[in-house]
Amino acid sequence: MSKREVKQTKQFRSLTVTLATAFLALSAVVLFIVSSLNMYFNFQNQRKLISSQQNSTAQRAASTVKSFIQEKFTTLETAFNIGNLARTRHKEQKLVLEKLLGLEPAFRQLVLLGEQEQELVKVSRVSKIVSANLTERVGSELLSELSLGKRYISPIFIDEITSEPMVIIGVPVTDVFGDVEGLVMAEVNLKFMWDLVDSIKVGKKGLAYVVDKHGTLIAFGDISRVLGGENLIHLSEVAKFVVGDEIIHKSSATISKGILNTQVVSDHAHLGMPDWAVVVELPVLEAYETVVNALLLSVVVVFFSFFLAIVAGIYLSKKITNPIIKLRDATRRIGKGKLNTKIEVQSKDEIGDLAVSFNQMIKDLKRITVSHNSLAKEVKQRKLAEEELRESEKRFKILAEHAPLGISILAPDRSFEYLNPRFTQIFGYTIEDIPDKDTWFKKAYPDEAYRKKLIAIWNRDTATALRTGKENTRVFTVRCKNGEDKIIDFRRIDLKYGKLYQIYDDITVRTKAEEALQRAYDEIKASEERELERAAQLEASNRELEAFSYSVSHDLRAPLRGIDGFSQALLEDYADQLDTQGKDYLQRVRAATQRLEYIIDDMLLLSRVTRSEMRREVVNLSTMAQEIAAEFQVSQSERQVSFVIAPGLVVKADPNLIRIALENLLDNAWKFTSKHVTARIEVGVTANKGKHAYYVRDDGAGFDMAYADKLFGAFQRLHPITDFGGTGIGLATVQRIIHRHGGRVWAEGAVEQGATFHFTLPR
Amino acid sequence: MENRVILLVEDNPDDEMLTLRAFKKNNIANEVIVARDGAEALDYLFGTGQYAKRDLSIMPAVILLDLKLPKVDGLEVLRRLRADDRTKRLPVVILTSSKEEQDIVSSYDLGANSYIHKPVDFDRFTKAVGQLGLYWLLLNELPPKKGKFQ
């Protein structure tokens with residue numbers, strides 16, 4: 001099983017994670033929707049609630065402030081309307097006003113005006129200088145209003161001295177019939193309203209302030225801002241009031257920037273009379289505290305639910321995927337060949353079913369792949385074998401292509417499947433020339449009789465080969481493409497698969513060489529036989545020669561001795577009966593017999609030289625020549641002959657034979673210099689082409705080179721016997737000795753200029 | 001000494017005559033018994049054939065033996081002599097025309113006491129015979145007679 005199948009191709013993502021993630025996502029969506037909806041409605045409700053709360057707070061505050069003003073109006077109206085104050089005496093009027101001033105600390109100055117708007121009484125808490133003329137300040141507008149019986153309130157003004165916001169209120173003074181008799185104006189210090197405003201509770205951290213119709217801050221906890229106469233029209237809540245969109249503002253508790261530059265939820269309430277408004281502000285956080293709390297709670301709940309969802313998701317997905325993981329691990333183990341794996345899944349659901357089927361499958365697989373390993377091994381081996389086969393095929397192809405023998409492969413359908421290059425080289429035929437066996441037979445064996453004979457032999461060989469499995473090699477003569485006949489050694493290899501492999505060895509050259517060799521051998525044999533015959537003849541003639549020599553030495557010598565002996569006896573015993581001539585004849589007889597003896601001796605020596613055994617030894621020719629020369633010097637001490645013998649002439653030869661040769665040569669030289677008073681005989685060596693030629697040179701009689709070839713013949717003489725003695729066998733003996741050593745001997749010379757005899761001796 | 005005989009084994013009458021002449025010239029007066037072939041020489045030495053009645057106590061002072069002889073040749077005669085106790089110590093001088101090395105070697109191998117080549121020159125022949133007579137007849141001390149021929 002290859003690793004590839006086990007390996008994950010894509011990025012692996014656990015099913016557990018997927019399931020858990022899906023579960024989580026789902027629960028997250030649900031939770032989100034639920035909590036969002038919840039939050040939305042909660043928020044809407046809260047907002048309505050806040051709006052109404054704010055509204056009511058504002059209304060409450062407005063009524064408080066309103067009642068403060070109303071209270072001042074009422075105080076004025078009550079004080080003057082109970083008695084006909086305008087008609088009372090000045091003194092009394094002043095008393096009332098003073099009482100009023102004492103009663104109400106907010107009043108700074110009270111003025112009572114008559115019917116003609118003439119100032120009747122005026123009481124003030126401050127000095128006359130400081131207190132301005134209220135009438136001037138209020139103007140005619142007030143008076144017309146008041147004359148209509150209405151209450152009057154002036155716009156707010158800031159006192160130049162105290163910088164306190166002040167307002168002037170005025171009420172008409174009427175008689176019992178309701179006719180206006182005069183009016184009372186009071187300068188109200190709004191300072192006294194501040195504490196009131198400051199004490200208005202708006203939530204925990206909320207605040208309230210009062211603005212007039214121009215947006216000017218009238219009352220606020222922070223007095224400095226009021227004293228500064230700050231205009232708050234830039235605040236949206238104040239702006240609403242100034243513009244006057246009462247309808248819109250009622251419905252909403254909007255979030256906007258507050259007086260303290262913080263985000264607030266604000267609302268205002270119009271006082272109506274005076275034309276002021278109370279603004280209440282509640283910090284957003286406080287206003288929406290419950291919403292935020294609800295939100296926080298929701299978040300906690302959501303997170304808790306989420307956590308629960310995670311736990312539940314993991315648990316559930318684990319529960320689902322565990323058996324799957326078990327299955328997966330089992331398949332991996334199986335993949336690795338562990339077929340003893342059993343999947344332990346006990347559940348009764350589809351996965352349990354799957355596990356059961358899986359176990360069954362493993363069992364089946366086990367049964368099927370029992371021989372898996374051996375099969376794989378076999379496949380591997382077969383693969384190797386195939387490779388080897390291919391390699392071997394390649395090898396044999398190369399061998400066949402380069403073989404020095406012709407090779408052909410004959411298919412079962414009698415067509416040639418393959419001819420190697422050597423085949424074509426031998427015969428000249430390509431596979432196109434001889435597509436099949438029959439064409440081959442016709443071309444290779446054009447003689448029909450020969451072909452028939454050959455086919456008969458072929459068929460017989462095939463039958464024999466099929467029966468015994470043995471293949472014969474046959475030699476046939478094949479006609480080549482170029483018409484040449486070649487002698488071929490055929491070797492057939494019948495394979496069982498019906499293909500016939502045949503090997504052709506061109507033995508034409510070899511056969512011809514063998515034939516030539518055989519002929520040569522026969523000739524040699526014949527000549528050897530002749531040689532043997534000749535040797536036998538030679539042996540016979542040698543034997544004859546031996547017998548001849550033997551008889552010569554005995555039989556020929558004996559009569560000679562008789563001739564000599566009895567000639568001597570005649571000379572001794574019958575000397576007195578012989579005349580001088582008779583004695584001379586007998587002397588000649590004796591001389592002749594002696595010469596004949598020498599001849600016989602030399603002939604015997606010659607034959608002995610031919611017949612004797614040879615043994616090669618190291619011989620010092622120089623020493624040998626010295627010895628021989630010394631003998632000559634002793635035997636004829638009167639002669640003046642100088643021997644010049646090169647030292648160190650060492651040869652390998654039979655010592656006896658070479659001594660005879662050297663003796664003969666030196667004897668020759670000695671003899672042929674005998675006619676000269678002084679003579680010089682040299683023994684030395686010359687080297688020609690690495691070959692040593694020894695020589696014996698004299699300065700004697702010499703010879704005519706025209707007869708040089710006759711020198712070495714037996715009994716050949718170039719000088720009269722009377723001039724130089726000798727039997728004429730000496731040089732023949734020398735030649736025979738040198739020849740027996742495998743050497744060569746030749747002579748150079750000229751008449752009366754000496755002679756040189758050269759000889760070589762192979763090493 | 002004078003009565004000691006010399007046995008000359010020689011088939012050639014010329015050589016026999018010349019040998020006797022050489023003895024005479026060298027003043028050797030011993031009786032010379034001549035055997036014409038090897039067989040006769042053996043008959044004489046072992047008292048057989050025509051010499052059957054011969055007194056075997058008389059043995060030649062020296063035997064001059066030619067090699068090339070009719071019937072039984074010289075070397076065979078020598079071998080038989082040396083094989084017999086009675087004759088094995090008799091001095092034998094090979095007197096022959098042969099100068100063949102092989103003959104010389106064989107002769108000494110078979111116990112010849114001397115080997116003399118008969119020269120063709122009679123003067124040298126006479127000299128050679130004289131020398132051998134002097135040596136073998138006069139100077140050479142023979143082994144004691146008794147005990148040898150019992």
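Chain identifiers are assigned alphabetically (A, B, ...) following the order of the sequence lines, protein sequences preceding nucleic acid strands; residue numbering begins at 1 within each chain.
- Within a 6.0 Å radius of OH in B:Tyr108, more than 12 heavy atoms belonging to other residues, nucleotides or ligands are found.
- Taken to the nearest 0.5 Å, the CD atom of A:Glu572 stands 6.5 Å off from the CZ atom of B:Phe122.
- Using a cut-off of 4.0 Å between Lys/Arg side-chain N and Asp/Glu carboxylate O, A:Arg561 and B:Glu10 are scored as not salt-bridged.
- Interface remark: B:Asp103 contributes side-chain atoms only to the contact with chain A (heavy atom separation under 4.5 Å).
- Among the candidates A:Ala569, A:Ala558, A:Gly562, the residue making the largest number of heavy-atom pairs closer than 4.5 Å to chain B is A:Ala569.
- Across A:Asp564 and B:Val120, no two heavy atoms sit closer than the pair OD2-O, 3.1 Å.
- Of all heavy-atom pairs between A:Arg557 and B:Lys118, the closest is CD-O, 4.1 Å.
- Most heavy-atom pairs under 4.5 Å with chain A: of the set B:Leu67, B:Thr126, B:Asn12, B:Leu18, this distinction falls to B:Leu18.
- More than 12 heavy atoms of other shown residues, nucleotides or ligands fall within 6.0 angstrom of atom NZ in A:Lys583.
- The two atoms that bring B:Asp121 and A:Glu597 nearest to each other are N-OE1, 4.4 Å, heavy atoms only.
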